[in-house]
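These notes concern the structure reproduced below.
Every number for a ligand or one of its atoms is a count from 1 in the order of the listing.
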Amino acid sequence: MNAAPPALNRSLKPLPKPPVRIVHLGLGAFHRSHQAWYTQHAPDAAEWGIAAFTGRRPDAAAALSRQDCLYTLVERSAGGDSFEVIGSIVEAVDGANIARLCELVAAKETAIVTLTITEAAYGLAADGTFDAGAPGAADDLRALSAAASGGTESGVAGMPGTPLGRLVLALARRRDSGSGPIAVVSCDNLSANGEVARRAVLGLASGWGSGLAGWIEANVSFVSTSVDRITPRTTEADIAEVEEQCGYSDNSPVVAEPFRNWVLSGDFPAGRPRWEEAGAVVVGDIEPYENRKLWLLNGSHSILAYAGQLRGHATVADALADPLCRKAVEDFWDEAARHLQAEGLDIPTYRQALLERFGNARIAHRLTQIAADATTKLRMRAVPVMTAERADGRSGAGSALMLAAWIDYVTAGNDFQDPLAAEIEAAVSLDGTERVQGLLRLVSAALADDPDVVALVARLCGSFATTPAATPART
Ligand code: CS2
C-alpha cells in the first residue's frame with residue numbers, strides 16, 4: 001500500500017505570509033475562489049494578508065489552520081483542470097472567537113472588512129429595510145446593549161451571534177482604539193449591497209448606544225461590489241483528484257470556473273490592494289453591472305434551481321440542457337434585458353457567455369445549493385424585473401414563471417432552507433390562490449397585493465410538472 005502523501009504545507013516551499021490588513025467574515029468556498037484569489041494576484045499582495053472568520057461552525061477554520069491556511073484552487077474549464085496554491089489567507093479563525101475579531105478590527109493596520117455572509121444574513125424585511133424584529137437581530141440588539149454597558153467580548157455568553165452583530169461590536173472596539181476609518185466591503189449577491197450593509201450595521205449599532213452609529217456614519221465606508229465566480233461545493237472526489245494530480249493532500253481545496261469578475265464602487269479610507277491590476281473593475285455607478293449579474297446570472301440560476309429540480313435534474317448544466325428550462329431562462333433574459341440599457345453592458349455577449357459557463361458540465365453546480373434562501377434571493381432576482389415590466393404595461397410573465405417554479409418546488413414538499421421556513425410552511429398549507437398569494441407575500445407585499453400578479457403566477461404553476469397528474473400550464 002502506498003503511504004499517504006504529505007500535506008500541501010509540508011510538501012511545498014513555504015509561501016511568504018503577508019501581514020493581516022483585511023478581515024473577512026464568512027470563510028467559505030466562494031471567498032477562497034474570489035476575494036482571496038484577487039488579493040493573491042494583486043501586485044502588492046505581499047502587503048495584504050487576510051484573517052478569515054467562519055460563520056456558524058468552526059470546521060473550515062480548523063481544517064485550513066492545520067495546513068497553514070494554504071489551499072489549492074482548482075480552476076475547472078470544459079477542457080481540463082489547473083491547480084494553484086493560494087496563500088493570501090494567513091489566519092483562519094472560528095467565528096465565535098469574538099475577542100480575536102475585535103482585536104484585529106481594532107488594529108491600526110487593518111484597513112478592510114470584507115463580507116460573504118449570505119444574502120439572508122443582512123436581516124432585511126421584504127421592503128428592503130433592516131428588520132430589528134428578526135430573530136438574530138433582536139438577540140444581537142440585546143447582546144450589544146448588554147456589552148455596551150460593561151460586558152466583555154471574552155465572556156461569550158450574551159455576545160452577538162450574527163456576523164453583523166459581531167462586526168458592530170468590533171467596530172465599537174475600533175472606535176475606542178482610535179484606529180480611524182475603515183472600509184466594509186459586502187461581497188454578497190444583493191443589489192446595493194454596500195448600502196444594505198450600512199443599514200444593517202447602523203440598525204444593530206443602535207443597540208450599542210453612546211453615539212456608535214454616529215461614529216460609524218463618519219468613519220466607515222460601505223463599499224458596494226458585484227461579485228462573480230461559480231464555485232460549487234467541494235466534493236470528496238475533488239479532494240482525491242487534488243491528491244492524485246498534485247502529489248500532496250489538501251483537506252480544503254476549492255473548485256471554480258475559470259471566469260471571474262469583481263466590480264467595486266466606494267472609498268477605501270485606509271487603502272486597499274491594487275485589485276484592479278488583477279482584473280477587478282472600479283466604477284462610479286455600480287447599479288447597471290450589479291443588475292446585469294443579479295438578474296441574468298443569479299435570476300436564471302434560480303429558475304434552473306426550481307424548474308430544473310421539478311423536472312428531475314440535479315445540476316445547472318443538466319437543467320440548461322432541458323429545452324423547457326432553457327426556454328424559461330431565455331424568456332426571463334429577454335424581459336430583464338429590456339431594463340438593462342446602460343452603455344457598455346453588451347447583453348448579447350454576456351448572455352452567450354452565460355450559456356457557455358452554465359453549460360460547463362465539468363462544474364457540477366448542484367441545484368440544491370442554489371435553491372437555498374429563496375425568499376431573500378427572489379427579492380433581488382425576480383421582483384425588480386417583474387416590477388419594471390409591469391410599470392411599462394407588460395405582464396412580467398418571465399419573472400412570474402420563476403416565482404411559480406419556486407412555489408411549485410416548496411409546495412411539492414422538497415427540502416429547502418430559508419430564513420422564513422416557518423412562514424413558507426404556513427403558506428404552503430393554504431389552498432389554491434391563497435397559497436400563491438401567501439407565498440408571494442414573503443417575497444414582495446406589493447406583488448402579493450396585485451390580483452393580476454397573483455392570477456398570473458397561479459396560472460403558471462404546474463409549468464414544470466413532470467407527472468400527468470399535475471396541472472399543465474395555461475399561458
Ligand atoms: C448562485 C450564486 O447559489 C446561488 O444563489 O446563484 O452563488 C452564483 O453561483 C454566484 O453568484 C456566481 O457568481
If you count the atoms of ligand 1 from 1 in the order shown, which ones are under 4.0 Å from a heavy atom of [X]?
X	result
Arg381	4 (C), 5 (O), 6 (O)
His365	9 (O)
Arg229	12 (C), 13 (O)
Lys293	10 (C), 11 (O), 12 (C), 13 (O)
Asn189	2 (C), 11 (O)
Asp228	12 (C), 13 (O)

(message) As an exercise, state the distance from CD1 of Ile424 to OH of Tyr409, rounded to the nearest 0.5 Å.
(response)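 The CD1 atom of Ile424 sits 10.5 Å away from the OH atom of Tyr409.
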(request) Report the distance from atom CD of Glu195 to atom CZ of Phe222, rounding to the nearest 0.5 Å. (result)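 Reported value, rounded in 0.5 Å steps: 9.0 Å.
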(message) Could you check whether Ser88 and Tyr38, counting side-chain N and O atoms only, form a donor-acceptor pair closer than 3.5 Å?
(response)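 Not at all, the side chains of Tyr38 and Ser88 share no donor-acceptor pair under 3.5 Å.
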(message) Under 3.5 Å, is there a donor on one side chain and an acceptor on the other for Glu389 and His339?
(response)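 Glu389 vs His339: donor-acceptor pair found between side chains.
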(request) Can you figure out which of Asn298, Thr231, Ile230, Leu294 has its heavy atom closest to atom 8 (C) of ligand 1? (result)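 Comparing heavy atoms across Asn298, Thr231, Ile230, Leu294, the nearest one to atom 8 (C) of ligand 1 lies in Asn298.
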(request) Closest by any non-hydrogen atom to atom 6 (O) of ligand 1: pick that one out of His301, Lys377, Gln369. (result)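 Looking at heavy atoms only, the winner is His301.
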(request) Taking all heavy atoms of Arg21 and all of Glu47, pick out the closest pair and write down the distance. (result)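 Residues Arg21 and Glu47, closest heavy atoms: CD-O, 3.3 Å.
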(message) Give me the atom names and distance for the closest heavy-atom approach of Thr114 to His31.
(response)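 Smallest heavy-atom distance, with atoms named: OG1-CE1, 4.4 Å.
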